[in-house]
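In what follows, a structure is listed as structure tokens, so that the remarks can point back to it.
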Amino acid sequence: MPELPEVETVVRGLRQPLVGRRVEHVWYEREKVIAIPGAEDFAARIVGQTFQAITRRAKYIVCQMDHDVFGVHLRMTGRLYVAVESPADDRWVRLRLGLDNGESLHFSDARRFGRVYLAPDVTAFTQGIGPEPLDDDFTAEVFAERLRGRHRQIKALLLDQSIIAGVGNIYADESLFLAQIHPLRTADTLTGDEMSRLHEAVRHVLNQGIDHEGASVNWYRKPDGERGDSQEHFNVYDRSGQPCLRCGTAVLKIRVTQRGTHFCPNCQREK
DNA sequence: CCAGCCCCCTGTCGGC
DNA sequence: TGCCGACAGGGGGCTG
């Protein structure tokens, strides 16, 4: 659920409270929350390091420390926030980094899918991930080249992080709706115009998602605890049975690669 | 290269 | 009211 816009919103919200703070101690509920290195190494290495900068790569939150990169992947239900203590109603804190000002970075994650990472280089956990869709050099030509010759459903390709970074189930459906492309079309059947439209649509829906500070469909919250507004602006996601906002036809929901997939059968034709 | 399936987890919701 | 199965979907892994 946290996709590129949600992660970007978290990153922006964490910079002010985190940059310049030094880690003084580490607490975690279970070792498994730490993906790399081992839990003991993680704690020993991160203590004493200061947050220098916070950025995003794909759906990873990337914190540049003095000697290492500290990464977080929120997966489905992860939340990050800085506070002296977690709110009484947050039963899901899995890891805390105590800071030099008395506050802590809290990693809360109901479903325990989320992971943290510590490595000298960000590529230790982001190698193989495709281009950032909002970068200036991600042109329509670059996108078309990555899709070229692929005999695979376009929805599956949009979700594949090695093809394009940061797109998840919500923004994939919204992109395909905006570009008026059926989710089951294979990439090798798309015309140049369709690929160009999809390129523009992906960038548009991600930028809109950032402008609305992310989609709080259920678990996602900004670091300040507030909800984003992006879910108020969906055209098809989670709207099955409701009228298409363009033509009035009922939005359909099917399954594509095990994911709920929403589209307008009139605006997005199969062939 | 690709489709399909399982697994990791837990909260929520609809049906009975 | 309580129980139970389905569902949510990011990512990794395995099989055919």
Side-chain angles (χ1 to χ4, degrees), chain A residues 1-10 28-36 56-62 71-80 87 89-95 107-117 122-130 132-133 145-176 183-190 202 206 209 214-221 227-228 230-231 234 236-241 252-263:
Chain A
M1 290 246 174
E3 307 179 28
L4 187 154
E6 290 73 33
V7 177
E8 180 64 29
T9 302
V10 170
Y28 50 87
E29 180 203 31
R30 303 183 184 185
E31 294 193 354
K32 204 171 175 183
V33 71
I34 300 164
I36 53 169
R56 178 190 57 74
R57 172 73 174 111
K59 299 171 190 170
Y60 289 85
I61 293 138
V62 177
V72 182
H73 199 302
L74 303 173
R75 297 290 176 98
M76 302 301 303
T77 55
R79 294 177 181 173
L80 280 176
D89 63 352
D90 186 354
R91 303 141 43 201
W92 308 285
V93 177
R94 311 302 187 195
L95 178 135
F107 178 50
S108 171
D109 182 25
R111 288 175 68 176
R112 301 187 212 268
F113 282 0
R115 295 288 183 268
V116 302
Y117 306 77
V122 69
T123 58
F125 49 92
T126 60
Q127 63 170 336
I129 291 178
E132 285 293 324
E145 180 58 30
R146 300 190 75 76
L147 298 181
R148 196 168 63 86
R150 296 273 183 165
H151 188 70
R152 198 176 167 198
Q153 295 162 343
I154 189 62
K155 167 83 185 266
L157 288 165
L158 288 178
L159 294 178
D160 186 334
Q161 299 301 294
S162 71
I163 300 293
I164 177 173
V167 179
N169 205 42
I170 293 172
Y171 295 98
D173 284 2
E174 293 295 318
S175 298
L176 290 167
L184 294 178
R185 294 274 302 281
T186 56
D188 55 7
T189 70
L190 297 181
V202 167
L206 293 175
S216 292
V217 173
N218 41 33
W219 285 90
Y220 166 75
R221 293 293 183 277
R227 306 166 72 94
S230 188
Q231 70 282 358
F234 293 160
V236 285
Y237 182 80
D238 206 22
R239 293 194 66 246
S240 66
L252 279 187
K253 181 175 184 180
I254 61 174
R255 290 195 83 77
V256 181
T257 54
Q258 315 302 112
R259 300 290 179 253
T261 298
H262 316 73
F263 70 102

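Just so we're on the same page: letters track the sequence lines, and every chain starts at 1.
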Determine the contact category for A:R115: base if any of its heavy atoms lies under 4.0 Å from a base atom, sugar-phosphate if only primed atoms, P, OP1 or OP2 are that close, otherwise nothing.
nothing
Between A:R79 and A:D90, is the closest basic N to carboxylate O distance under 4.0 Å?
no
Using the P atom in both, what is the distance from B:dG14 to C:dG9, to the nearest Å?
16 Å
In whole Å, what is the span from the CG atom of A:L4 to the P atom of C:dG9?
18 Å
Under 3.5 Å, is there a donor-acceptor pair between the side chain of A:R152 and the main chain of A:D188?
no
Do A:R112 and B:dC9 have a side chain to base donor-acceptor pair shorter than 3.5 Å?
no
Would you kindly give the CG-to-P distance between A:D90 and B:dG11, to the nearest whole Å?
12 Å
Do any side-chain nitrogens or oxygens of A:W92 fall under 4.0 Å of OP1 or OP2 in B:dG11?
yes
Within the distance-only criterion (no hydrogens, no angle test), does the side chain of A:E174 pair as donor or acceptor with the backbone N or O of A:Y237 below 3.5 angstrom?
yes
Nearest-Å distance once atom P is located in both C:dA6 and B:dC7
14 Å
Can you tell me the distance, in whole Å, between the CG atom of A:D160 and the P atom of C:dG9?
18 Å
Looking only at heavy atoms, which two atoms of A:Q161 and A:A58 are closest? And how far apart?
OE1-CB, 4.3 Å
Pairing string, 5' to 3', for DNA chain C - Watson-Crick or wobble contacts under 3.5 Å, brackets [ ] where pairs cross, | to another strand:
.|||||||.|||||||
Contact under 4.0 Å: A:R255 side-chain N or O vs C:dA8 OP1/OP2
yes
Under 3.5 Å between N/O atoms: give me all the protein pairs with nucleotides 12-16 of chain C, atom names plus distance.
none

Is there a donor-acceptor pair under 3.5 Å between the side chain of A:K59 and the backbone N or O of A:V167?
yes
Without decimals, in angstroms, what is the distance between A:R57 CZ and C:dG11 P?
12 Å
Which of the following nucleotides, C:dA8, B:dC9, C:dG11, is nearest to the side chain of A:H73?
C:dG11
Could you pull out the protein-nucleic contacts involving nucleotides 2-4 of chain B (nitrogen or oxygen on both sides, under 3.5 Å)?
from, atom 1, to, atom 2, distance (Å)
B:dC2, OP1, A:H151, N, 3.1
B:dC2, OP2, A:R150, NH1, 2.7
B:dA3, OP2, A:R152, NE, 3.3

Figure out the CG/C1' separation between A:L158 and C:dG9, and round it to whole Å.
15 Å
Closer than 3.5 angstrom, by distance alone: can the side chain of A:R146 be matched with the main-chain N or O of A:S162 as a donor-acceptor pair?
yes
Residue pair A:A165 / A:R57: nearest heavy atoms and the distance that separates them
CB-NH1, 3.7 Å
Round to the nearest Å and state the distance from A:K32 atom NZ to B:dT10 atom P.
10 Å
Rounded interatomic separation in angstrom, taking CG from A:D109 and P from C:dG10:
14 Å
Nucleotide B:dG11, atom C1' - distance to CZ of A:F113 in whole Å:
12 Å
Reckon A:R91 has a side-chain N or O less than 4.0 Å from the OP1 or OP2 of B:dG11?
yes
Could you tell me whether the phosphate oxygens of C:dG9, OP1 or OP2, come under 4.0 Å of any side-chain nitrogen or oxygen in A:Y237?
yes
Can you say whether the rings of A:Y60 and A:F125 are parallel (under 30°), tilted (30 to 60°) or perpendicular (over 60°)?
tilted
Determine the contact category for A:G114: base if any of its heavy atoms lies under 4.0 Å from a base atom, sugar-phosphate if only primed atoms, P, OP1 or OP2 are that close, otherwise nothing.
nothing
Please give me the minimum heavy-atom distance between A:N169 and A:L159, naming the atom from each residue.
N-CD2, 3.5 Å
Side chain A:T126, main chain A:V122, donor-acceptor under 3.5 Å
yes
Examine distances only and state if a side-chain atom of A:D173 and a backbone atom of A:H262 form a donor-acceptor pair shorter than 3.5 Å.
yes
Atom of A:S230, atom of A:Y171 and distance for their closest heavy-atom approach
OG-OH, 3.0 Å
Does A:R111 reach the main-chain N or O of A:G78 with its side chain, forming a donor-acceptor pair under 3.5 Å?
no
